[in-house]
**Q** 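Encoded as C-alpha cells, here's the structure I'll be asking about.
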Amino acid sequence: MFKLLLKKELIELAQIYYMDNKNNKKRNPVSIALYVFLFLIAYISMFVSFMATAHSLGSILFGSDNVWLYFAINALMAVAVGVVASVFSSYHSLYLAKDNDLLLSMPIKPVDILMARMSKVYLLSFVFTAMAFLPSLVYYYYSVGFDLYLLICGVAALLFLSLLVATLTFFFAYLLALLTRKTKANSFITVFFSLVLIFLYYLFYYRLNTMMNSLLLNVENISDFVSFALFLFYWLAEACLGNLLYLLLFVAFIVLLFFVCCLIMKKNYVRIMTASSATTNKKVDISKSRVSAVQTALLKKEFKRFTSSATYMLNNGFGLVMSIVMAVMLIIKKDLLLSAVDTVIYTDASYASLIPVLLFSMVCLMVSTNPISAPSISLEGKTFWLLKSLPVDMKDVLKAKERFCVLMNLGPMMFLLISAMTIFKIDIIVKIEMIIDTILYIYFMADLGLIMNVLMPNFTWTNEVVIIKQSLAVGIVLLGGMAMATLFTVFAYLLRYDISVNIYLLLVLLVLLIIRVIFAYLLNNVFNKKLEKIA
Amino acid sequence: MLEINDLCKNYGSKKAVDHLSLKIEKGEICAFIGHNGAGKTTTLKAVAGILAFEKGDIKIDGISIKDDPLTCKKKIAYIPDNPDLYDYMSGIQYLNFVADIFNISLKERQEKISRYSELFEIKNELGQLIVAYSHGMKQKLAIVSALLHDPQLLLMDEPFVGLDPMASFKLKELMKEACNKGCAIFFSTHVLDVAEKICDRVAIIKEGKLIKSGTMEEVKGDESLETAFLELE
C-alpha cells in the first residue's frame, strides 16, 4: 500500500511540470520544456551563488586545522534554506491535502498515508538541501581532491542532512497544524510564522559577511563553540571529511530524531488532518449589528478577504511589513547611510540633487511589491454571482477595491517616506511634492491592478495561489510598477543638470495626476461596464 | 411583476435560451421545470441580472433590467442552486453585508435576522465562519439573506436541494406567506410533487424553448404534473 501511495504522491509532484494549474489541462511539450528550463535556470543560479559562498569560506578554512568548520557552516546554511523553502509545502502536503477524506475512507492505514507524504516532503527537502550543500562538497572535491570513499561519505552526509531538514519541516508543520487547529486566526498565524522564518533567514544572510570576517580573526574560538554547541554539525562536517565514526553518529542521531518525530506525529495525525478550523459555539448577539453605508460594507468585505488568506497577505502585502522594517532600519542605520551618501556626493556634487528622487523611487518600489488590487477581482471566483445579483454598482465595487489597496499602502509607505525624509536635509516644498507624488503613485498602482484584472479576469480557479502568484495581471502590475519606479530615477539622473529636483518632482506629479484622471475615468465609465458584462 | 419577452441567450454556437417569453403576476408562484441543461438556470440568472443576453427583454415591475439594472435588483432576491457565499465571513457578517447593500435599517435587520435564522435553526451558528457551514446551512443562510429586504420577486434555483425536511417545509410555508403579501416567486425544481402542491403556474422548458406554460390546471389537466411533464418530454 505504501508503494502505491508513494507513486500517487510522486505523480502529484511531477504534475507541477506537465499540468497547467489554470485550466487543469496537460501542458504542451514546448510549455513543459520551457517550464523545466526555467526551473533549471533558477536552480543553477542558486547553485552557483552557493558555490561562491563555498569559495569564500574555503579560501579562509582550507589548509587550516579547522577544515571541518567549512562543512559545518555550509550545512547550517543548507538547513536554513531547506527549512524556509519547504516548511509550508510540508504543512500543506501532510495536513491539507485535498484527498484526505478520500484516502481515509479507503482501507489504508493512516501511518501509510503519513509515510508516503513524508517521503514526498523528503524529496523536496533533498532538492533544496542539495542546492545549498552540494556546492560545498563539489568545491571541496575540486580544491582538495577526493576518492570513492570520500565521495560515499559526502553523499551519505547529504542524504541524511536532507532528512534532518525534512524532520525539522515535519516538526514545524506539526506545530503549525496544532496552532491553526486551536484558533480561528489561521491566516495570521501562518503569516506570523512565515515572517519569523523569513526574518531569521535574512538575519542569517545579513550577518554572513560579519560572521566570515570574525571567522577569519577568531577561527579557534568559533570552532570550539561550534563543535560544542552545534555538535550535530561538527559530526556531519567530520563525516564529510571521511570520519566513519562521526558519520555513523550523525546518521544514528538523525534517524532517532526522525523516529521520535514520526511517533509524535502518528499519535494524532488523523485527528489533526480531519479537524476543521476552530469554530465557536458562542451565541451571536444580533442586537450588536451595525449599519454601514454601501461603500463601507464593500470596503469591510475587501479587508476580510485580504486577512482571511495567508497567501494573499504574504504575496501581495509583504512590502507593507518590509517598508516598516526598512523605515526602522533607516532610522537606526542613519549615520552609516549618511556617510555612504557623503562619499558618493564627494565624487560628483550633482548626485546630491538626486537624493529626494532616489528616496521617492525607493518608496515606489516598495509600493510596487504590494499589488493588492491586481488579483482582487479574480479572487471573487465563484462568489462573483453575489455582487452581480445584488443592487450594487460595479463602479462602487471597483472603488472599494481601489480604496482598500490605497488605505493598506498609505500608512506604511508614508512612514517609510517620512522616516527617509527626516534623515536628509530636504526643502519643504520638495518634501510636499514627494508626499503628493507618493500618494498619486499608490493610486496609480491600485488602478493599474484593477484595470489589468478586468482585462484578464479568471473566475474559474480552484486554487487561489494560481490567481495570487501566477496570474499575468499580477505579474504585469508587479514588474510594470518596478519599471516605472526605476524610470523615475533614470530620468532624474539624465536630467540632473537641466532641471532642478523641485521642477522634476512637479513634472512627475503632473504625469501621475494625468494618469490618475485617465484611470479614474476609465474605471468609472469603461471598466465598470466591462465588469458588468463578465459572466 | 415579471415579464420575459423573446429572451435569447447563446453560449457560443449553443442556444441556451431560445425566444422564451413568460409572464408572472404579483402573488403568483411559478415553477420552472425542465431536464438538466434545458436552460432553467440560464433564464433565472438572466432575470437576476447576472447574465447578459443577446436578444429580448426582461421587465421587473415594468422596469427593464437592461435599462435600469440597479432598480430591478433592489426588487429581486436570487438564491442559486449551489450557494457559494463569502467563506471568509461569519454568518452574521454576511447577513449584515447584504443588509448594508440593501440599506436596511438596524431595527428591521435585527428583527428579520432573528426571525428567519431562528426559523431555519441557524441562529446559534451565525458566529461561525461560512467555510465551516454544510451545504444545507449555506442554503439556509442564502434563504435568510434573500428575505431580508422583502423582495417583490423571489428567484430560486432548486431551492429544496440540500435542505432537511423541516427546513423544506418551512420554506414552502414562507413562500406561501410571501405570495400572500404580493411577492411573485419563480423557481426551478425537479421535485414535481412540491411544484404541483404550491404553484399557481408552471412553465416547462426544453432545449431552451418554452414548450408549455400556464396555470397548473391548464398545463396538467386531469393528470398529475409528473405525467404531463413526461408526456411532453
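Throughout, a chain's letter reflects where its sequence line sits, starting with A, and its residues are numbered from 1.
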**Q** Quick check on Lys26(B): does its NZ atom have over 12 non-hydrogen neighbours (other residues, nucleotides or ligands) under 6.0 Å away?
**A**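 Open: at most 12 neighbouring heavy atoms sit under 6.0 Å from NZ of Lys26(B).
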**Q** Given heavy-atom pairs under 4.5 angstrom as the criterion, report whether the side chain, backbone, both or neither of Glu380(A) touches chain B.
**A**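 Only the side chain of Glu380(A) comes within 4.5 Å of chain B.
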**Q** Rounded to the nearest 0.5 Å, what separation is found between the CD1 atom of Ile50(B) and the CZ atom of Phe384(A)?
**A**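 Going from the CD1 atom of Ile50(B) to the CZ atom of Phe384(A) covers 10.0 Å.
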**Q** Taking all non-hydrogen atoms of both residues, which atom of Ser114(B) and which atom of Ile286(A) are closest, and how far apart?
**A**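 Closest approach of Ser114(B) to Ile286(A): CA-CD1, 3.8 Å.
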**Q** How long is the span from the CD1 atom in Ile101(B) to the OG atom in Ser389(A), to the nearest 0.5 Å?
**A**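 Taking CD1 in Ile101(B) and OG in Ser389(A), the distance rounds to 10.5 Å.
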**Q** To check you understand the geometry: which heavy-atom pair defines the closest contact between Ala297(A) and Asp100(B), and what is its length?
**A**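 Smallest interatomic distance, heavy atoms only, reads CB-CB, 3.6 Å.
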**Q** To the nearest 0.5 angstrom, please state how far the CH2 atom of Trp385(A) sits from the CG atom of Leu51(B).
**A**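 Answer for the CH2-CG pair, Trp385(A) versus Leu51(B), is 13.5 Å.
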**Q** Does Lys301(A) count as lying over the ring of Tyr86(B), i.e. NZ or CZ under 6.0 Å from the six-ring centre, within 45 degrees of the axis?
**A**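 Yes, cation above the ring, under 6.0 Å and within 45°.
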**Q** Considering residues, nucleotides and ligands other than Tyr521(A), do more than 12 of their heavy atoms fall under 6.0 Å from its OH?
**A**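 No, OH of Tyr521(A) has 12 or fewer neighbouring heavy atoms, counting only those of other groups under 6.0 Å.
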**Q** What is the minimum heavy-atom distance between Gln110(B) and Ser287(A), and which atoms define it?
**A**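 Taking every non-hydrogen atom into account, NE2-O, 3.0 Å.
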**Q** With chain A as the partner, which of Leu155(B), Leu126(B), Leu106(B) has the greatest number of non-hydrogen pairs under 4.5 Å?
**A**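 Highest number of pairs under 4.5 Å: Leu106(B).
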**Q** Is Ile76(B) close to chain A through its backbone or its side chain, or both, or neither, when contacts mean heavy atoms under 4.5 Å?
**A**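 Nothing of Ile76(B), per the 4.5 Å heavy-atom cut-off to chain A.
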**Q** Of the listed residues (Met89(B), Lys75(B), Lys45(B), Gln93(B)), which shares the most heavy-atom pairs with chain A below a 4.5 Å separation?
**A**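 Maximum pair count with chain A is reached by Gln93(B).
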**Q** Considering only heavy atoms, which portion of Ile104(B) lies under 4.5 Å from any heavy atom of chain A: side chain, backbone, both, or neither?
**A**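 For Ile104(B), backbone heavy atoms alone lie under 4.5 Å from chain A.
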**Q** Go through Ser105(B), Cys72(B), Pro80(B) and name the one with the most non-hydrogen pairs under 4.5 angstrom from chain A.
**A**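 The option with the most such pairs is Pro80(B).
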**Q** Run Leu386(A) and Tyr94(B) through side chain to side chain contact (heavy atoms under 4.5 Å, CB included) and show every step you take.
**A** CA-CA 11 Å; Leu386(A) 264 164; Tyr94(B) 174 72; 3.1 Å; yes
**Q** Going from OH on Tyr88(B) to CG on Leu379(A), what distance comes out if it is rounded to the nearest 0.5 angstrom?
**A**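 Going from the OH atom of Tyr88(B) to the CG atom of Leu379(A) covers 9.0 Å.
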**Q** Just verifying a value: how many Å separate Lys304(A) NZ and Asp87(B) CG, rounded to the nearest 0.5 Å?
**A**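 Nearest 0.5 Å value for the NZ-CG distance: 14.0 Å.
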**Q** Hey, could you give me the CZ/CG distance between Phe102(B) and Leu390(A), rounded to the nearest 0.5 Å?
**A**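 If I round to the nearest 0.5 Å, the distance is 5.5 Å.
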**Q** Where do Arg109(B) and Ser289(A) come nearest, in terms of heavy atoms and distance?
**A**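 Minimum heavy-atom contact is CD-CB, 4.4 Å.
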**Q** Taking all non-hydrogen atoms of both residues, which atom of Asn96(B) and which atom of Arg290(A) are closest, and how far apart?
**A**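 Of all heavy-atom pairs spanning Asn96(B) and Arg290(A), the closest is OD1-O, 4.2 Å.
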